[in-house]
Participant: 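The structure's right below; bear with me while I get my questions together.
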Amino acid sequence: MERTHTCGELRLGHVGEQVVLMGWVAKKRDFGVLTFIDLRDREGVTQVVMNEEDAGEAHAKAKNLRGEFVIAVKGKVIEREGTHNAKLATGDIEVHATEILILNDAKVPPFQLEVAGSENLAAEDTRLKYRYLDLRRPQLQHNIRMRAKAVAAIREYFDGRGFIEIETPILLKSTPEGARDFIVPSRIHTGKFFALPQSPQILKQLTMIAGFDKYYQIARCFRDEDLRADRQPEFTQLDMEMSFANQEMAYREIEGMFGHVFKLIGVDLPAQWPRMTYAEAMRRYGSDKPDLRFGMELVELSGELAGTDFAPFASVLEARGEIKCIVAKGKSDYSRKQLDELQDFVKRYGAGALAWIKLSDETTSSLLKALGETKIAELASTSGAEKGDLVLIVAGRKSVVRAALGALRVEVAKRENLIDRNSHKPLIVTEFPMFEHDEETDTYMAAHHPFTSPMDEDLELFKTAVNDPSQHHLLGKVRAKAYDAVIDGYECAGGSIRIHQKEIQDLNFKALGMTKESARTRFGFFLDALEYGTPPHGGFAAGIERTCMILCGTENIRDVMAFPKTASAQDLMMDSPGDVDEAQLEELGIEVSEPST
RNA sequence: GGAGUCGUAGUUCAGUUGGUUAGAACGCCAGCCUGUCACGUUGGAGGUCGCGGGUUCGAGCCCCGUCGGCUCCGCCA
């Protein structure tokens with residue numbers, strides 16, 4: 001028996017045809033002499049009817065069917081009379097079975113795949129243990145197929161523009177800055193290790209040096225860091241690079257690629273996205289990946305409070321911190337409890353407190369006693385708040401205020417449903433800083449990665465900062481030719497124009513505190529390569545999962561991965577990571593001992 | 001490394017102030033039912049209250065520890 005149609009295919013036009021469907025028993029409704037089966041495959045659900053009168057054998061077999069049995073059904077397509085089901089795409093018809101073949105039976109599933117009329121899915125650990133069952137859910141089927149379409153669209157886009165898909169090795173060499181590496185022992189070279197790629201960064205640059213001009217790859221990447229709702233230890237990125245490129249050319253490819261991909265969900269992203277410098281994004285939104293689907297921008301109050309004798313604010317301003325606020329429109333009715341919750345929220349980001357002003361019938365504020373009515377009114381006015389609004393204020397170090405208010409802005413928007421889920425707002429953030437300052441060690445680290453080119457305008461500044469030890473702090477002011485693509489508050493892609501001159505690359509390693517020797521040990525092959533005619537080049541990498549999360553309207557990366565890991569980086573289905581045989585370890589010359597904290 | 005939160009039947013949950021035999025719905029099993037599509041109906045089975053310890057006459061409930069899920073901070077060049 002061969003399948004003739006899928007379970008999502010049959011319509012009124014098929015009425016009268018003999019068909020064979022194959023799939024899973026989603027539901028059985030037994031009326032004694034009459035039995036209904038909802039037969040499910042990846043394309044949909046079709047109702048199958050077994051009537052004892054005219055199909056005794058099939059009806060008798062249906063008696064033994066249980067949920068998730070795999071069956072083949074042969075029968076005739078019949079129009080439903082007066083019992084059309086508008087909820088089913090195939091609801092105009094049903095198949096009257098004449099023959100049923102049980103292809104396989106199934107144990108009772110450990111959880112109900114989907115409880116109708118409810119969002120109450122089984123606990124996620126249970127579903128992860130039986131991921132192959134959870135994946136039968138239509139929503140996950142849809143997400144995984146959307147992901148396949150997105151990847152296909154990306155290939156279509158880059159193939160069409162003359163990019164060459166090149167695979168790079170998974171077994172690489174550890175380069176200890178950046179994220180922790182996953183390492184793989186070498187049997188042939190006892191005591192030596194490969195590392196899995198955190199990204200194919202250097203290799204794609206080498207494809208430029210090798211003259212391929214335009215490269216792309218759907219690349220699996222590995223980072224041994226803690227997980228988040230949007231982060232897994234292994235993930236996939238679209239990795240691309242092109243020679244003779246400047247930032248604008250890279251932006252065009254970002255816009256073109258995402259524009260092509262978002263057509264999958266019927267969304268037309270603008271041909272040219274808005275641009276915003278990193279500095280402006282941080283100032284206005286407290287984030288380098290602002291969600292532009294709502295306003296609530298940060299407002300500076302430091303000027304208004306200069307010279308205040310309220311000690312907490314005075315000490316912040318003296319330490320060159322800042323005082324900023326956001327305005328929650330129409331939320332002057334927030335309760336003490338709600339404000340306490342928000343205060344707990346900002347404290348996670350290091351904020352000492354959350355001050356507030358409520359502009360209801362009368363103005364109240366947590367700062368009333370400290371600042372007085374007049375000052376409160378002035379602050380409210382500066383913030384742009386109107387009657388009925390709530391002003392939320394954070395004071396502290398600049399980095400803390402931005403992180404806290406930037407996150408609070410998103411939190412309030414979520415709580416108050418200010419985000420239009422059907423709109424998508426892309427943005428290109430430009431002019432990222434070249435370095436990040438580590439306050440503990442007083443060192444500078446690459447903000448993007450150590451191959452990122454400084455901006456031409458900041459080249460002299462860069463040289464001065466590196467070569468003159470007394471001017472080292474100026475590194476914090478150097479801007480890079482680095483950029484991110486942000487959609488709806490997610491960093492969907494990031495990239496840069498790279499350094500193609502060895503002297504600049506040497507300077508950069510020096511800026512990062514690397515000696516010539518250590519730079520050679522790690523990147524010697526790359527430094528060599530730079531000297532053999534490296535074209536100017538640049539590109540970006542786009543997160544496949546994050547992009548798919550937006551396409552699928554989910555906030556969890558596990559919803560767009562077939563076999564994800566838990567927050568503690570385990571696979572509950574195959575129970576990995578696991579032990580290996582003593583013999584395997586011995587062959588590799590590896591002994592396992594307790595890690596020293 | 002840290003914080004929050006959750007853990008009770010196969011699943012989702014309820015469980016009062018610490019008090020008799022731990023409940024409901026769905027699912028499962030058996031029967032009845034010719035038009036259901038969240039079928040209906042009758043009956044039934046099903047529990048190490050995550051695990052370990054403590055307090056108590058008595059613990060699902062209180063305390064300590066521990067394990068696991070989720071989320072966040074740190075981390076993620």
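Below, all heavy atoms of this structure are taken into account, side chains as well, without hydrogens, waters or symmetry copies. Just so it is clear: chains get the letters A, B, ... in the order the sequence lines come, proteins before strands, and each one is counted from 1.
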Participant: Taking OP1 and OP2 of B/G10, is either one under 4.0 Å from a side-chain nitrogen or oxygen of A/Thr126?
Facilitator: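 Checking B/G10 against A/Thr126, no side-chain N or O comes under 4.0 Å of OP1 or OP2.
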Participant: How many whole angstroms separate atom CG of A/Leu65 from atom P of B/G27?
Facilitator: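 Taking atom P of B/G27 as the reference, CG of A/Leu65 is at 17 Å.
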Participant: Partner of B/C62 by Watson-Crick or G-U wobble geometry, both contacts under 3.5 Å, or none?
Facilitator: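 Partner of B/C62: B/G54.
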Participant: Please tell me whether A/His500 and A/His537 form a close aromatic pair, meaning their ring centres lie under 6.0 Å apart.
Facilitator: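 A/His500 vs A/His537: aromatic centres not under 6.0 Å.
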Participant: Could you work out the separation of B/C6 and B/G74 based on their P atoms and round it to a whole Å?
Facilitator: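 Per the computed distance, 24 Å lies between those P atoms.
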Participant: Of the listed nucleotides (B/C75, B/C70, B/G69), which one gets closest to any side-chain atom of A/Arg558?
Facilitator: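 Nearest listed nucleotide: B/C70.
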Participant: Between B/G27 atom C1' and A/Phe69 atom CZ, what is the distance in whole Å?
Facilitator: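 It is 15 Å, rounded to the nearest whole Å.
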Participant: Can you say whether a donor on the side chain of A/Gln570 sits under 3.5 Å from an acceptor on the base of B/G69, or the other way round?
Facilitator: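 In this structure, the two groups form no donor-acceptor pair.
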Participant: A/Ser568 has a side chain; which of B/U12, B/U36, B/G68 sits nearest to it?
Facilitator: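 So the side chain of A/Ser568 is nearest to B/G68.
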Participant: Between B/C63 and B/G4, how many Å separate the two P atoms, rounded to a whole number?
Facilitator: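 These two P atoms come out 14 Å apart once rounded.
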Participant: Counting any heavy atom closer than 4.0 Å, what does A/Arg80 reach on the DNA or RNA strands: base, sugar-phosphate only, or nothing?
Facilitator: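 Counting heavy atoms under 4.0 Å across all strands, the contact made by A/Arg80 includes a base.
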Participant: Does A/Lys76, at its NZ atom, have more than 12 non-hydrogen atoms belonging to other residues, nucleotides or ligands within less than 6.0 Å?
Facilitator: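 Counting other residues, nucleotides and ligands, NZ of A/Lys76 stays at 12 neighbours or fewer.
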Participant: Atom CE in A/Met574, atom NZ in A/Lys565: separation rounded to 0.5 Å?
Facilitator: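 The distance works out to 7.5 Å.
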Participant: Please report the C-alpha distance between A/Arg415 and A/Glu411 in whole Å, then the side-chain angles of each, then the deciding distance to 0.1 Å, and finally whether the salt bridge (charged side-chain N to carboxylate O under 4.0 Å, His left out) criterion is met.
Facilitator: CA-CA 6 Å; A/Arg415 283 174 178 236; A/Glu411 174 70 12; 2.9 Å; yes
Participant: Measure from the ring centre of A/Phe111 to the centre of the six-membered ring in the base of B/U11, then say whether that distance is under 5.5 Å and the planes meet at under 30°.
Facilitator: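 Stacking is absent between B/U11 and A/Phe111, given that the ring centres and planes do not meet under 5.5 Å and under 30°.
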Participant: Is any side-chain N or O of A/Lys27 closer than 4.0 Å to OP1 or OP2 of B/C39?
Facilitator: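 Looking at the OP1 and OP2 atoms of B/C39, one of them is under 4.0 Å from a side-chain N or O of A/Lys27.
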Participant: If only side-chain N and O atoms count, and only distance matters, is there a donor-acceptor pair under 3.5 Å linking A/Asp571 with A/Ser576?
Facilitator: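 Checked: A/Ser576/A/Asp571 side chains show no N/O donor-acceptor pair below 3.5 Å.
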Participant: Checking all strands, does A/Ser199 fall into the base, sugar-phosphate, or nothing category for heavy-atom contacts under 4.0 angstrom?
Facilitator: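 If one applies the 4.0 Å heavy-atom cut-off, A/Ser199 turns out to touch a base.
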Participant: Please state whether the base of B/C37 and the side chain of A/Asp38 form at least one donor-acceptor pair under 3.5 Å?
Facilitator: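 By the distance-only test, no, there is no pair.
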Participant: For nucleotides B/G44 and B/G52, find the distance between their C1' atoms and express it as a whole number of Å.
Facilitator: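 The answer is 36 Å between these two C1' atoms.
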Participant: Counting the atoms with a prime plus P, OP1 and OP2 as sugar-phosphate, which does A/Tyr349 contact under 4.0 Å by heavy atoms, base, sugar-phosphate, or nothing?
Facilitator: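 Contact class for A/Tyr349: sugar-phosphate only.
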Participant: Just the rounded figure in Å: distance from P of B/G35 to CG of A/Leu88.
Facilitator: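 Nearest whole value for this atom pair: 19 Å.
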Participant: Rounded to whole Å, please give me the gap between CG in A/Asp230 and P in B/C75.
Facilitator: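 Rounded to the whole Å, the gap is 16 Å.
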Participant: Do the side chain of A/Arg223 and the base of B/C76 come within less than 3.5 angstrom through a donor-acceptor pair of N or O atoms?
Facilitator: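 When only heavy-atom distances are counted, A/Arg223 does not reach the base of B/C76 through any donor-acceptor pair under 3.5 Å.
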Participant: With heavy atoms under 4.0 Å as the rule, sort A/Glu411 into base, sugar-phosphate or nothing.
Facilitator: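 The answer is nothing, as A/Glu411 stays clear of every strand by at least 4.0 Å.
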Participant: Heavy atoms only, 4.0 Å cut-off, all strands: where does A/Thr566 land among base, sugar-phosphate and nothing?
Facilitator: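 Sugar-phosphate contact only - A/Thr566 comes under 4.0 Å of backbone atoms but never of a base.
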Participant: Measure from CZ on A/Phe345 to C1' on B/C72 and round the result to the nearest Å.
Facilitator: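 Nearest whole value for this atom pair: 8 Å.
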Participant: Provide the distance between the two P atoms, one in B/A59 and one in B/G2, to the nearest whole Å.
Facilitator: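 Pairwise P distance, B/A59 against B/G2, rounds to 33 Å.
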Participant: Might you point out which heavy atoms bring A/Glu9 and A/His14 nearest each other, and give the distance in Å?
Facilitator: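 The pair with the smallest heavy-atom distance is O-CE1, 3.5 Å.
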Participant: With rounding to the closest Å, how many angstrom separate the P atoms on B/A24 and B/A45?
Facilitator: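 Approximately 12 Å lies between the P atom of B/A24 and that of B/A45.
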Participant: Taking B/A38 as the reference, what is the distance to B/C64 when you measure between their P atoms (whole Å, please)?
Facilitator: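 Between the two P atoms, the distance is 48 Å.
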Participant: Ignoring backbone atoms, establish whether A/Arg29 has a side-chain N or O less than 4.0 Å from OP1 or OP2 of B/C39.
Facilitator: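 Checking B/C39 against A/Arg29, a side-chain N or O does come within under 4.0 Å of OP1 or OP2.
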Participant: So, does the side chain of A/Arg228 form a donor-acceptor pair with the base of B/G74 at under 3.5 Å?
Facilitator: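 In this structure, the two groups form a donor-acceptor pair.
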Participant: Can you say whether a donor on the side chain of A/Gln47 sits under 3.5 Å from an acceptor on the base of B/U36, or the other way round?
Facilitator: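 Result: at least one qualifying N/O pair found.
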Participant: Counting any heavy atom closer than 4.0 Å, what does A/Ala447 reach on the DNA or RNA strands: base, sugar-phosphate only, or nothing?
Facilitator: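 The answer is sugar-phosphate, as A/Ala447 gets under 4.0 Å only of primed atoms, P, OP1 or OP2.
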Participant: Are A/His96 and A/Glu94 linked by a side-chain donor-acceptor pair shorter than 3.5 Å?
Facilitator: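 There is such a pair between these side chains.
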Participant: Could you check, using the six-membered ring where one of them is a Trp, whether A/His473 and A/Tyr444 have ring centers closer than 6.0 angstrom?
Facilitator: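 No, the ring of A/His473 stays outside the 6.0 Å limit from the ring of A/Tyr444, centre to centre.
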Participant: Quote, to the nearest angstrom, the C1' distance that separates B/C73 from B/C28.
Facilitator: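 After rounding to an integer number of Å, I get 44 Å for this pair.
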Participant: Just name whichever nucleotide pairs with B/A25, Watson-Crick or G-U, keeping both distances under 3.5 Å, else none.
Facilitator: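 Base-paired to B/U11.
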Participant: Is the phosphate of B/C73, meaning OP1 or OP2, less than 4.0 Å from a side-chain N or O of A/Lys347?
Facilitator: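 So the side chain of A/Lys347 is outside the cut-off, no N or O lying under 4.0 Å from OP1 or OP2 of B/C73.
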Participant: Do A/Glu81 side-chain and B/G35 base share a donor-acceptor contact under 3.5 Å?
Facilitator: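 No, no donor-acceptor pair under 3.5 Å.
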Participant: Tabulate atom names and distances for all N/O pairs under 3.5 angstrom spanning the protein and nucleotides 29-32 of chain B.
Facilitator:
| unit_1 | atom_1 | unit_2 | atom_2 | d |
| --- | --- | --- | --- | --- |
| B/C29 | OP1 | A/Arg66 | NE | 2.7 |
| B/A30 | OP2 | A/Arg66 | NH2 | 3.3 |

Participant: Any chance you could lay out the salt bridge (charged side-chain N to carboxylate O under 4.0 Å, His left out) test for A/Glu322 and A/Arg402, step after step, and finish with the verdict?
Facilitator: CA-CA 9 Å; A/Glu322 60 185 12; A/Arg402 286 167 179 190; 3.4 Å; yes
Participant: Tell me what A/Glu124 touches on the nucleic acid: a base, only sugar-phosphate, or nothing, going by heavy atoms under 4.0 Å.
Facilitator: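 Answer is sugar-phosphate: A/Glu124 comes under 4.0 Å of backbone atoms only.
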Participant: Closest approach to the side chain of A/Phe31, judged atom by atom: which nucleotide of B/G69, B/C76, B/U36 is it?
Facilitator: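 That would be B/U36.
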Participant: Send over the distance from A/Arg137 CZ to B/U12 P, rounded to a whole Å.
Facilitator: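 Interatomic distance, CZ of A/Arg137 to P of B/U12: 13 Å.
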Participant: Taking atom P of B/G35 as reference, at what distance in whole Å does atom CD of A/Glu94 sit?
Facilitator: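 Distance check: A/Glu94 CD to B/G35 P gives 13 Å.
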Participant: Using the P atom on both, measure B/G69 against B/C33 and round to a whole Å.
Facilitator: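 It comes out at 49 Å once rounded to the nearest Å.
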Participant: Which is more 5' along RNA chain B, the nucleotide nearest A/Leu34 or the one nearest A/Pro109? Just name the residue.
Facilitator: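 By nearest-heavy-atom nucleotide position, the 5'-most residue is A/Pro109.
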Participant: Contact class for A/Pro450 (heavy atom, under 4.0 Å): base, sugar-phosphate, or nothing?
Facilitator: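 Base contact - A/Pro450 has a heavy atom under 4.0 Å of at least one base atom.
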Participant: Taking a pair as Watson-Crick or G-U wobble with both distances under 3.5 Å, which nucleotide is matched to B/U5?
Facilitator: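 Pair assignment: B/U5 / B/G69.
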Participant: If you look at every strand shown and take non-hydrogen atoms under 4.0 Å, does A/Asn556 touch a base, only sugar-phosphate, or nothing?
Facilitator: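 The residue A/Asn556 makes sugar-phosphate contact but no base contact.
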Participant: Among all residues two or more places apart in sequence or in another chain, which pass the side chain to side chain contact (heavy atoms under 4.5 Å, CB included) test with A/Ile170?
Facilitator: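 Testing A/Ile170 for side chain to side chain contact (heavy atoms under 4.5 Å, CB included), a comparison that skips the adjacent residues, returns A/Leu196, A/Pro197, A/Phe222.
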Participant: With a 3.5 Å cut-off and just heavy-atom distances, do the side chain of A/Asp226 and the base of B/G74 make a donor-acceptor pair?
Facilitator: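 Such a pair exists between side chain and base.
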Participant: Is the distance from the ring center of A/Tyr132 to that of A/Phe563 below 6.0 Å?
Facilitator: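 No, they do not, as the ring centres are separated by 6.0 Å or more.
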Participant: For A/Ser518 and A/Thr515, test the side chains for any donor-to-acceptor distance below 3.5 angstrom and give the result as yes or no.
Facilitator: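 Distance-only check passes for A/Ser518 and A/Thr515.
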Participant: If you pin A/Ala569 and A/Phe451 to their nearest nucleotides in RNA chain B, which one's is more 5'?
Facilitator: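 Closer to the 5' end of RNA chain B: A/Ala569.
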Participant: Would you mind reading off the distance between A/Arg231 atom CZ and B/U71 atom P, rounded to a whole angstrom?
Facilitator: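 Rounded to whole Å, this separation is 12 Å.
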